[in-house]
Amino acid sequence: MTVMNIVQAVNRTLRDEMRRNGNMIVLGEDVGRDGGVFRATEGLLDEFGAERVVDTPLSEDGIVGMAIGMSLYGLLPVAEIQFMDFIYPAFNQIVSELAKFRYRSGGQYPAHVVIRTPYGGGVKGGHYHSQSTEAYFIHTPGLTVVTPSSPHDTKGLLLSAMRSPDPVMFLEPKRLYRTIKEDVPDEEYLIPIGKANVVQEGSDITLVSWGPMVQTCKEALPLAAKEKMSVELIDLRSLMPFDIQTVIQSVKKTGRVVVAHEATKVAGFGAEISAQVSERAIDSLKAPIIRVAGYDTPFPYALENSYLPKPERILKALRKASSY
Amino acid sequence: MTVMNIVQAVNRTLRDEMRRNGNMIVLGEDVGRDGGVFRATEGLLDEFGAERVVDTPLSEDGIVGMAIGMSLYGLLPVAEIQFMDFIYPAFNQIVSELAKFRYRSGGQYPAHVVIRTPYGGGVKGGHYHSQSTEAYFIHTPGLTVVTPSSPHDTKGLLLSAMRSPDPVMFLEPKRLYRTIKEDVPDEEYLIPIGKANVVQEGSDITLVSWGPMVQTCKEALPLAAKEKMSVELIDLRSLMPFDIQTVIQSVKKTGRVVVAHEATKVAGFGAEISAQVSERAIDSLKAPIIRVAGYDTPFPYALENSYLPKPERILKALRKASSY
Amino acid sequence: MEMLQVVRADGEYDAKLEPNLRDEDLKKMYRYMLLVRRFNERMLLLQRQGRIGFFIESTGEEAAQVGSAFALARSDWVYESYRDPGVCLVRGVPLKTLVDQLMANADDPNKGRQMGVHWGYREWNLVSISSPVGCRLSQAVGTAYAAKFKKDNIVCVTSFGDGATSQGEFHSAMNFAGVFKVPVVFLCKNNQYAISLPVRRQTASANIAMKAEAYGFEGVLVDGNDVLASYKAMKAAVDKARSGGGPTLIEAVTYRMGGHSSSDDPSKYRSTEETELWKTRDPITRFRRYLMKKGLLTESEDRRTLEEVENELVSTIKESEKVPPPTLYSMFTDVYAEMPWHIKEEADELMGEKGQ
Amino acid sequence: MEMLQVVRADGEYDAKLEPNLRDEDLKKMYRYMLLVRRFNERMLLLQRQGRIGFFIESTGEEAAQVGSAFALARSDWVYESYRDPGVCLVRGVPLKTLVDQLMANADDPNKGRQMGVHWGYREWNLVSISSPVGCRLSQAVGTAYAAKFKKDNIVCVTSFGDGATSQGEFHSAMNFAGVFKVPVVFLCKNNQYAISLPVRRQTASANIAMKAEAYGFEGVLVDGNDVLASYKAMKAAVDKARSGGGPTLIEAVTYRMGGHSSSDDPSKYRSTEETELWKTRDPITRFRRYLMKKGLLTESEDRRTLEEVENELVSTIKESEKVPPPTLYSMFTDVYAEMPWHIKEEADELMGEKGQ
Ligand SMILES: Cc1ncc(C[n+]2csc(CCOP(=O)(O)OP(=O)(O)O)c2C)c(N)n1
Ligand SMILES: Cc1ncc(C[n+]2csc(CCOP(=O)(O)OP(=O)(O)O)c2C)c(N)n1
Ligand SMILES: [Mg+2]
Ligand SMILES: [Mg+2]
């Protein structure tokens, strides 16, 4: 066991896997000498050399395109996109190419690239260093989308992502990079992609969340407990595929659902969870399915604190659901 | 009144507005001499000249970027992206720039660009000439998203798009380009953005759809009538903003909802409609909200016919909703 | 910049420039060129008859395809273009496999998942094509990087059109190739048009080859209607790449003699004079003249080869048309390595419906 | 390619190359350069003290900013970069307005919506900056197109870093500019680094200016630490553009003397020798020497100017700090021209909560 934060968990897990897998390559802007702007790749250049830890020119489509080509030839490229907000120059490579290679080639050319990227607000970054656009990627068949909410999950999920035969978007909650520290086992363990984690069991309301918002939900739990609401908190961990079974089971028990995410609300992934629940468990529902989400504006700067869903907003939604 | 199809309606409306507004410019690949690969800009070059009908190099980010810059200086650029599947090289320009210019500049620099692009399947185009990814754009605050389903609506909505002060994604149902002909008034009329159209009133089930799938829904109506289901068909017309009031009013009457779209199902815009309904009208619901959508695979080629939702699939969903 | 040419349009040639190829190979090259020409014509006809859905021909571009493909090793990788049936054939892809792709039938290794001309064959290191113009170039750079990393002695070639040079992804790929000095060859077949846009309005640069300088490596201009020059240019580039010399950009100057695709009418945007002029530069006529001058081909051999090619095409089409379409279930596989629950649900639903 | 230089690092100059500027203007230039230097230092300090959230300095790049901005007309448009406070100031933006942006307060014309250094002022034709590197270039081309279309006699300038030249959007913009021959000037401030990546690993081309050739127009290499050379290069480019000569790419060679941003530690990736070397080329020292040699500046005038600048900064900061933050409601406006129902609902909900 070692106590570490999320960024350290990323760093160790990359290092361990690079030691194990000589075909693994890390590439991206400033990942080498600089160790990444968040330090997630610190030390890798020294240990593995510039051929395996590749500082690229400033071009996201070049990074992802090159990673795809590496992967088709048998390497395991793990690309870093400095901020999720800067992934769009590579959007064509991701949605048109990476996501479809296996399918369009009839299985001849599976492209397995892991794209790591920090996302989410809370770092005073304004709208180009704060967005959460997981829904774009979830809505793109062929991509796997994963997001951890703790150092422990980071290790287990990142390992699974790197061992998966499919392309994986690995979304890292940057606001939590250094705020949560916990024991992480030193030995290898895989957290299965597609399985949710029931963070806390409860009987009154199901609270579904993922990524950085899980932490906010956790902070809302004692507040809810104080008001005698028994909340079952589910951390989806994996957004595509997502573990609808765990959600539905919970809803059948509680009859009430709140979904919390940081992304803007309209057409966010919360809508999918809501739609799935009302498709599969409408008779169990005792209240409207409530979404707590980012407001439908570009991510603000000065007013970031009012923009981000806080434990109080979640509490309010829980109250609304439970008192309906 | 003139009988015309959708592509003609686009063509006439562009022409009329260019006559009216000397600051309007049409730009894109093959829009000039060739008149557009679907002929939507036919004749414009001859009438308005190469300065206003601009054949661009093969670069979507160049097209949208240039259009933004034109618009900031006071022109009205109407850009054509040859297929929606080829919009991704411009995705960064659209989501990071076009959508956010007004907001980020505190209203100093509103960017008003209309992006016209054909979308949807049914033309034997395989996955790069068939996709429907409206959800990406709906999930991007700052963009307006509109899609007509008939020649009449095409004219009224395209005019509104060009007169709107906001950036508009104008999605044209390419499968219907030449299949529906109807009378279109010669005089100017605007169809308001944000208002749905109740195609048929009914009392048993609310069927919500948009774009090319509206036609498929219309074909399902007589089948449903034969089975004594009274269906209220709502054509959203505008997806952002969307007319939730009309939907909710209908649901309060019918208690049953089917949403039909061509895009892949997971995290598609159907999920948002479903989520809105269960948030706002759960007590009116007598059945699960059912989505009929494209399967969650890349768009196929040989099997396109089995992939696209057909009237029968919609009928099946209507039956399921009404017999629940 | 000078343009490399070995054989002139009239069949005269510069013996000093002739590449070192066996007579056998020269004859094979010719046969492949004929096959590509007739393949194009036949497939366009099938498309007109509704027997295949969509087709893009490469008539006029046979020399650039066949010449460059001859310069590659079996183990080299190719990110070919939709105008490269000749490259596929030279690399060993059976004619039937190409026709299967156009028919999108159950024998297509791509499982009928893509529009016609979107070739892709793992067995021959031909990477699955996609439609978005320009996005394959950086992938080719990545493959070249990987090969160099693994110390495999292979070169990665990617072929694309003049229009593709305008895409941002062209730039990224060229830049990465220069920075990482990988064994990649960029082959731009400048056929003068991107659908309706003539190349002089695609870019203001004097030519395309010179664009390589901006990325720190060499650009080469070659007569793409001259199969020997096309061979030579590619051979030099792959030799250089293989020996650690890094990337090359080749601009093969050629002409799209037909429409852009089976849905295009080129008379809207170009003149008959222009097309007539380029007919006088036809790569096949030219090579035929050369071979005859060299005594490697007689009129009767020529006729016989054409007949063989025709027969091969007719019988192949017949065979391909017998193959059934892909199974319904195949629509749902290969999205992921393992089918996730939500796709399984959808597949089950559809299969259930059809089972009824 | 030769690099244009008027004043050497030691203040010696080539009188034949001196631009035609009034003494008044030379002194103004110097004052602006000082102001930018001290602005950078002060703001970095405020950032360290937590009084502003984020800052990017442009120390070392004062000459390129001030020199180029002096060559523009009031009506010209500028897509400036985050390292261009000097451009904003020269164009007339009050110092307080820049500080308001960094404080994201209610006086910021951008309504506090963006991180620091994302300038944007309609009143001075300075187009609102965004973070994604490279995406402003094609917008500048569009603005230039529009101006030409409207027969307005203006030029559009866009300024960016060496790293930006790797983005696909750089390529598209350059290509469109060449094809449409619009009155645009691309100013690349090559400060040798893109965060940690040195320019020699950003591209394999000999320099950045030469990249213009691939797009059919001229590239110019200029000493970006020489304010007069920077002025001259930009003046020539805008004159050419204004008279219908089309685009120019200027590479201003300079050095990022500080870290990339307030979150960066450059000692991880570059040597002290290197930074020391560039200190000897400091643009302000150089220009001071020149002015003194010309008898346009005395030691005491210099001290007085610095004092003035300091006072201006101190009092401006004080003023800006008095301004309240933007209103809560302002978070919801300007997404669209009119607020749609769903945003209104969200605004009402939040305002309701806060009202309680
Ligand atoms: C990103 C993208 N935009 C537009 C298209 C539509 N399109 C298909 S081929 C083509 C022209 C390609 O021209 P060129 O690169 O010269 O190749 P050629 O067809 O001449 O061989 C266009 C515009 C596309 N496939 N991809
Ligand atoms: C598309 C994109 N990718 C990555 C970043 C992160 N980033 C911000 S500035 C920068 C380096 C820019 O270097 P350069 O263009 O040389 O400008 P400089 O900062 O040196 O003035 C990077 C990588 C970004 N802002 N946008
Ligand atoms: Mg071409
Ligand atoms: Mg730089």
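Each chain gets a letter, A, B and so on, in the order its sequence line appears, and its residues count up from 1.
- A side-chain donor-acceptor contact under 3.5 Å links B:Asp30 to the backbone of C:Ser196.
- The contact between B:Tyr307 and chain C is made by backbone and side chain atoms together, counting heavy-atom distances below 4.5 Å.
- The aromatic rings of B:Tyr295 and C:Phe332 sit perpendicular to each other, their planes meeting at more than 60°, with 30° as the lower class boundary.
- Against chain C, the residues from residues 42-53 of chain B that qualify, each with a non-hydrogen atom under 4.5 angstrom away, are B:Glu42 in number order.
- B:Val37 and C:Ile195 get closest at one heavy-atom pair: CG1-CD1, 4.1 Å.
- Contact check on C:Glu353 versus B:Lys316 returns a salt bridge, with a Lys/Arg side-chain nitrogen under 4.0 Å from an Asp/Glu carboxylate oxygen.
- Only the side chain of C:Ile343 comes within less than 4.5 Å of a heavy atom in chain B; its backbone stays farther off.
- Counting heavy-atom pairs closer than 4.5 Å to chain B, the top-ranked of the candidates C:Gly168, C:Gly53, C:Pro266, C:Ser130 is C:Ser130.
- Contact annotation for B:Pro89: only side-chain heavy atoms (C-beta onward) come within less than 4.5 Å of a heavy atom of chain C.
- There is no contact between B:Ser130 and chain C, counting heavy-atom distances below 4.5 Å.
- For a residue to count as touching a neighbouring chain, one of its non-hydrogen atoms must lie under 4.5 Å from one of that chain's; by this rule B:Glu60 touches chain C with backbone and side chain alike.
- The environment of NZ in C:Lys344 is sparse: at most 12 heavy-atom neighbours from other residues, nucleotides or ligands sit within 6.0 Å.
- Ranked by heavy-atom pairs under 4.5 Å with chain B, the list C:Met331, C:Glu345, C:Met103, C:His342 is led by C:Met331.
- How far CE of C:Met339 is from CG of B:Asp296: 12.0 Å, rounded to the nearest 0.5 Å.
- Side chain of C:Gln202 to backbone of B:Leu58: a donor-acceptor contact under 3.5 angstrom is found.
- For NZ of B:Lys310, the number of neighbouring non-hydrogen atoms (other residues, nucleotides, ligands) closer than 6.0 Å is greater than 12.
- C:Pro325 does not touch chain B: none of its heavy atoms, backbone or side chain, sits under 4.5 Å away.
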